[in-house]
**Q** 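Structure in C-alpha cells, see below.
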2 protein chains.
Amino acid sequence: MNSESEFIEFIKTITDLPAEQEDKFRALISVKNINKGEHFVRAGRNSKTIAFVKKGLFRYYYTSEDGVEFTKGFFDVNSVLSAYDAILENSPAHYSIEALEDAIIEAVDYYKFRQLFSEDPCWNNFLVALLQKGYLAKVRREREFLLMNAEQRYHSFLERYPDLEKRVKQHIIASYIGITPESLSRIRKK
Amino acid sequence: MNSESEFIEFIKTITDLPAEQEDKFRALISVKNINKGEHFVRAGRNSKTIAFVKKGLFRYYYTSEDGVEFTKGFFDVNSVLSAYDAILENSPAHYSIEALEDAIIEAVDYYKFRQLFSEDPCWNNFLVALLQKGYLAKVRREREFLLMNAEQRYHSFLERYPDLEKRVKQHIIASYIGITPESLSRIRKK
DNA sequence: AAGGTCTATTAACATAGATCAATGATCGCC
DNA sequence: GGCGATCATTGATCTATGTTAATAGACCTT
C-alpha cells in the first residue's frame, strides 16, 4: 500500500493521472517540515525544487538593496511553491520563500519531475493549469497597482485573503500592499 | 503551394510542428489589417481570438472608472496578442488592445485552435512557452512596482523597449510607468 | 501660411504616503 | 509574573507625485 500524497490528490483535481505516472511521481516526493521563520527558497540561490503545501502558510518576498522587504504573495495549504522563474532561467532566485507558520510540504526535484513530461501529456496539462493560475494572479495584481490607491489595495487584499489579516503581521501585509506599516495603521483606523 | 505564415514560422521556433498540424492550423488563419487607433480587443466585450503581429505595434490598456487609461504593455512585431485571461474565463475583457501603428495580424479563433490541442502535444508545448513568457513579464513588472520609484521604472522601460521612446507618445509611456504625463516630463528633463 | 487640434512643457499648489521619532501594546522566555 | 524584544500606533514633518492651468510646440488640413 502506498502512502497518501496530498500533492497527488491535488494533481488529480486538475488532470487525469495514469497509475504509472502517479507511481513515478510518488517516488519523487519527500515530505519535509519547515518551521515558522525558516526558508524554502532564499534569494540569490539557485533553486530546483517545487513543493506542495500540506500545512502552514508561506510568503514570497523581495529584499531591496537597502534591506527593505516587499511581499509578493501568500501561499496557504493546497498551493504549489516554487521559484519558478528562477528554475526556468536556471538563475538565482530574485526572491525568498519563507514559512510564516510551522509548515509541512511535499517536495519534488524539478529536473526529475521534468523527465516525466515527455512520457505523458497529463504533465503539460498540469503545468498549463498552474501557469494560468499564476498568470491570472499577476495580471490582477498589476491592475491593482495601476488603478488603485493604497486603501483600495488593502480592501482588495482583505477580499482575496479573508483570513490572513489575523494570521499575518501588519508590517508584512503592508509590504504586500506596497506601503509602510505606519500608513497601513492609519488606513486601518478608518 | 501554401501561403507563407509568419505565425507558423514563429511556432516552429518554439516546438516541433508536424506537417498535418501545420496544415490544420494554417486553415484557421485569416490575415487582417488594423489601422492605427483601431482596436483588436475592446474592454467589456468577450473575445475569442488570438493573433500574431506581422507588422505594427500594439498596446494593452485599462480604462479606470473615471476614464483614465493605464497601459499594461506593448506588443511589437513577432508577438502573440490575446485577451487570454478573458478567453480562459469566458468573460468580458478587462482591458483593450489598440494598434499604435498601422498593423497586419494573423488571427485565429481560439476555440477552433483549442480543438487541435488533443491531437498533438506540440500545442501544449507552445502554450506553456507563451504562458511562461507572459508570466515572467508580469513577475518582472510586479517587482518593479514594489521596488522602484517612478524614475527607476522609466529607466527600466527604456532598457526593455529601447526603440519605443520614439515610436510612442509620452502620455502613453507615462501611463505604462504608472504616473502622469506631467511627472514623466519632469523626470525626462533630468 | 493660417487655423485648429493634439501633445509636451512648465509652474504653483495640493495631497498621499514616507520618514523620523516617541510611546504603547504584545509576546515569548527565564 | 516580570522583562526584553518585537510589533503597532500616533504625531510632526518631508517628499514624490498628482492636479490644475497656462503656454508653447507639433502636426494636420485646407
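Not measured: the values here are computed from a predicted model. The figures that follow rest on heavy atoms only: side chains count, while hydrogens, waters and symmetry mates do not. A note on names: the letters A, B, ... follow the listed sequences, proteins ahead of strands, and every chain is numbered from 1.
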**Q** How many whole angstroms separate atom CD1 of B:I177 from atom P of D:dG18?
**A**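 The distance from CD1 of B:I177 to P of D:dG18 comes to 11 Å, rounded to the nearest Å.
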**Q** For the pair made of CG in A:L184 and P in D:dT10, what is the distance, rounded to whole Å?
**A**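 Interatomic distance, CG of A:L184 to P of D:dT10: 12 Å.
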**Q** Treating A:N125 as the side-chain partner and A:T15 as the backbone partner, does any N or O pair qualify as donor plus acceptor under 3.5 Å?
**A**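 No: the side chain of A:N125 does not pair with the backbone of A:T15.
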**Q** If we only count heavy atoms from C-beta on, is the A:N46 to A:N90 side-chain gap below 4.5 Å?
**A**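 Yes, at least one pair of side-chain atoms sits under 4.5 Å.
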**Q** Using five base pairs at each end to define the local axes, how bent is the helix from C:dA1-D:dT30 to C:dC30-D:dG1, to the nearest 10°?
**A**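 Inter-axis angle at the termini of the helix from C:dA1-D:dT30 to C:dC30-D:dG1: 40°.
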**Q** Judged by atom type as modelled, is there a donor-acceptor pair below 3.5 Å linking the side chain of A:S47 to the main-chain atoms of A:V41?
**A**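 A pair under 3.5 Å: no.
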**Q** Quick check with a 6.0 Å cut-off and a 45 degree axis cone: is B:K72 positioned over the face of B:Y95's six-membered ring?
**A**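 Judged by the rule, B:K72 and B:Y95 form a cation-pi pair.
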**Q** Enumerate the residues from residues 150-172 of chain B whose closest heavy atom to DNA chain C is under 4.0 Å, giving them by residue number; use none for an empty result.
**A**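 Going residue by residue through residues 150-172 of chain B, the ones with a heavy atom under 4.0 Å of DNA chain C turn out to be B:K169, B:Q170, B:H171.
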**Q** List, with names and distances, any nitrogen or oxygen atoms from the protein found under 3.5 Å away from nitrogen or oxygen atoms belonging to nucleotides 19-30 of chain C.
**A**
{"unit_1": "C:dC20", "atom_1": "N4", "unit_2": "A:E182", "atom_2": "OE2", "d": "3.4"}

**Q** Under the 3.5 angstrom rule, does the side chain of A:S64 hit a backbone N or O of A:V68 as a donor-acceptor pair?
**A**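 Judged by distance alone, yes, a pair lies under 3.5 Å.
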**Q** Any luck finding a side-chain donor-acceptor pair between B:S175 and B:E69 under 3.5 Å?
**A**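 Absent: no donor and acceptor within the cut-off.
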**Q** Is it true that B:Y62 and B:F70 have ring centroids separated by less than 6.0 Å?
**A**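 For B:Y62 and B:F70, the ring centres are not under 6.0 Å apart.
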**Q** Say whether A:L147 and B:L146 are linked into one hydrophobic cluster, either directly or through other cluster members, by side-chain heavy-atom distances under 4.5 angstrom.
**A**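 The answer is yes; both residues are in one hydrophobic cluster.
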**Q** Is B:N149 reaching over with its side chain to a backbone N or O of B:Q152, donor-acceptor style, under 3.5 angstrom?
**A**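 Yes: the side chain of B:N149 pairs with the backbone of B:Q152.
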**Q** Centroid-to-centroid, A:F74 to A:Y161, below 6.0 Å?
**A**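 Yes; A:Y161 has its ring centre under 6.0 Å from that of A:F74.
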**Q** A:I179 has an atom CD1; how far is it from atom P of D:dA8, in whole Å?
**A**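 Distance check: A:I179 CD1 to D:dA8 P gives 13 Å.
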**Q** Measure the distance from CD1 on A:I187 to C1' on C:dA16 and round it to the nearest whole Å.
**A**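 Computing the A:I187:CD1 to C:dA16:C1' distance gives 9 Å.
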